[in-house]
Amino acid sequence: MRRIAHISDLHFGRTDTVVVEGLAAELNRDPPDLIVASGDFTMRARRNEYAQARAFLDRLTAPWIAVPGNHDIAYFKLFTRFFHPFGRYRRFIARDTEPTFLDDEIAVVCLNTVRTWAPETDWSQGKITRAQIARTEERLAALPGHVFRIVVGHHPFMPPPWDAEARLVGRADEALDAFRRHGVGLTLAGHLHRHYARFAEAPETGAEPDTVTVDRGRAQAGGNRLLAVQAGSATSTRLRGNEPNAYNRIVIEDGRATVTVRVWTGAAFEDAREGDSLPGAAEERTGESEAAGR
């Protein structure tokens with residue numbers, strides 16, 4: 001069995017210090033086997049924000065792995081954004097923007113979905129190149145056959161159940177096809193500051209999106225179904241949809257992943273009650289959802 005804490009969108013520079021302290025205490029009081037941070041450590045990629053993020057990571061007793069988010073590269077300093085976009089991330093967080101974690105039970109393969117520019121006004125949207133997909137397939141193919149496989153990015157691979165037209169990471173469909181070919185059981189991402197989980201069914205199954213949405217208190221996936229999991233903002237004051245700060249606790253056991261949302265109550269993080277909706281998300285219920293992988 002392996003336990004993972006999935007945190008995202010911390011946004012140092014716009015955090016609630018009480019929540020930051022509560023999250024650090026929670027993660028150290030009951031340390032998981034691995035912490036996965038799916039980007040946006042900072043608000044504007046400033047040095048002092050990165051220093052705060054690094055100080056937070058240094059307090060954690062569990063090992064961690066991370067990817068950058070779109071807020072982790074310079075927003076106003078265009079020379080830095082275009083020519084040294086990940087310089088501060090590499091200095092303060094990690095040199096590798098696409099690391100891999102592997103032990104006897106799980107493999108976590110990270111993808112950097114951040115774009116430095118785009119032929120549109122909104123440069124915050126992410127994209128995966130075909131070269132990245134090919135490299136990811138090579139990394140997945142090299143893994144031992146028995147491990148549970150997880151892919152991490154910052155931008156969402158599946159839309160939320162309440163907004164079918166939401167922007168996804170570029171080439172999401174191609175990436176999900178590649179992940180399914182290699183037996184990936186979970187994708188973990190952030191960016192939207194909202195929790196949800198959806199099964200990414202292969203097109204040939206003919207399943208409609210609404211029929212494969214995990215928006216109930218508990219859902220089980222049979223076979224090798226791929227579950228795309230989103231995390232809310234763990235510590236930021238930039239909350240959306242009246243959803244509280246939250247992160248995901250994931251248990252991998254016997255080839256199956258159980259995802260439980262932990263929400264901030266104002267005093268501590270607690271399990272979202274099964275069958276309850278998060279505030280402001282009448283269409284979405286959280287609690288536990290399960291996915292099966294290789």
Side-chain angles (χ1 to χ4, degrees), residues 1-10 15-16 18-38 56 59-62 64 105-106 108 148 150 152 156 158 160-162 185-190 192-199 213-221 225 227-237 239-293:
M1 181 180 75
R2 291 292 183 268
R3 299 189 307 152
I4 297 170
H6 172 210
I7 63 176
S8 195
D9 297 85
L10 284 80
T15 57
D16 184 326
V18 175
V19 181
V20 172
E21 291 303 310
L23 181 63
E26 160 118 339
L27 294 177
N28 287 338
R29 182 171 55 250
D30 184 19
D33 297 297
L34 180 68
I35 297 169
V36 173
S38 55
F56 172 80
R59 294 171 62 187
L60 303 178
T61 59
W64 53 268
E105 296 189 32
I106 62 172
V108 181
F148 189 96
I150 302 168
V152 180
M158 290 286 290
W162 58 86
L186 287 177
T187 63
L188 305 179
L192 299 180
H193 297 201
R194 299 288 297 274
H195 165 80
Y196 59 92
R198 307 190 74 177
F199 288 112
T213 297
V214 177
D215 58 359
R216 301 173 297 280
R218 185 179 179 88
Q220 292 190 0
R225 299 176 75 187
L227 184 66
V229 177
Q230 292 288 131
S233 173
T235 59
S236 176
T237 58
L239 300 174
R240 298 174 185 165
N242 295 321
E243 189 167 314
N245 292 110
Y247 77 98
N248 298 321
R249 280 270 181 169
I250 303 168
V251 176
I252 311 291
E253 188 171 19
D254 297 328
R256 186 172 297 275
T258 301
V259 182
T260 304
V261 184
R262 297 278 289 174
V263 298
W264 179 251
T265 65
F269 282 94
E270 296 181 1
D271 286 357
R273 291 180 299 174
E274 188 169 343
D276 281 359
S277 296
L278 290 177
E283 297 178 47
E284 181 190 11
R285 297 180 178 85
T286 66
E288 296 187 353
S289 51
E290 294 190 357

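Atoms considered below: every heavy atom in the structure, side chains included; atoms not considered: hydrogens, waters and symmetry mates. The first residue in the sequence is number 1, and the count goes up from there.
Under a 3.5 Å cut-off, the side chain of Ser233 and the backbone N or O of Asp9 do form a donor-acceptor pair. A donor-acceptor pair is defined here as one N or O able to donate and one able to accept, closer than 3.5 Å; such a pair exists between the side chain of Asp16 and the backbone of Val18. The backbone N or O of Ser236 lies less than 3.5 Å from a partner atom in the side chain of Asn245, making a donor-acceptor pair. A donor-acceptor pair is defined here as one N or O able to donate and one able to accept, closer than 3.5 Å; no such pair exists between the side chain of Glu253 and the backbone of Met1. Under the 3.5 Å distance criterion, the side-chain polar atoms of Tyr196 are left unmatched by any main-chain donor or acceptor of Ala228.
Atom CD1 of Ile4 and atom CG of Leu188 lie 7.0 Å apart (nearest 0.5 Å). Between Arg256 atom CZ and Leu227 atom CG the span is 11.0 Å, to the nearest 0.5 Å. The line from OG1 of Thr235 to CD1 of Ile7 is 8.0 Å long, rounded to the nearest 0.5 Å.
Between Thr187 and Val152, the closest side-chain pair of non-hydrogen atoms is not below 4.5 Å.
The two residues Arg240 and Arg194 make their nearest non-hydrogen contact at O-CD, 3.2 Å. Between His6 and Ala231 the shortest heavy-atom distance is CE1-CB, 3.4 Å.
Cation-pi geometry between Arg262 and Phe269 is not met: the NZ or CZ atom fails to fall both under 6.0 Å from the ring centre and inside 45° of the normal.
Not counting sequence neighbours, the partners of Ser8 by the side-chain hydrogen bond (donor to acceptor under 3.5 Å, both in side chains) test are Ser38. Annotation: side-chain contact (heavy atoms from CB on, under 4.5 Å) contacts of Glu105 (sequence neighbours excluded): Arg2, Asp103. With sequence neighbours excluded, the residues satisfying ring pair (Phe, Tyr, Trp, His ring centres under 6.0 Å) with Phe56 are Phe12.
Only one option out of Leu34, Ile35, Val36 pairs with Pro32 in a side-chain contact (heavy atoms from CB on, under 4.5 Å); it is Ile35.
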Verdict with supporting geometry, Arg3 and Asp30, salt bridge (charged side-chain N to carboxylate O under 4.0 Å, His left out): CA-CA 10 Å; Arg3 299 189 307 152; Asp30 184 19; 3.0 Å; yes

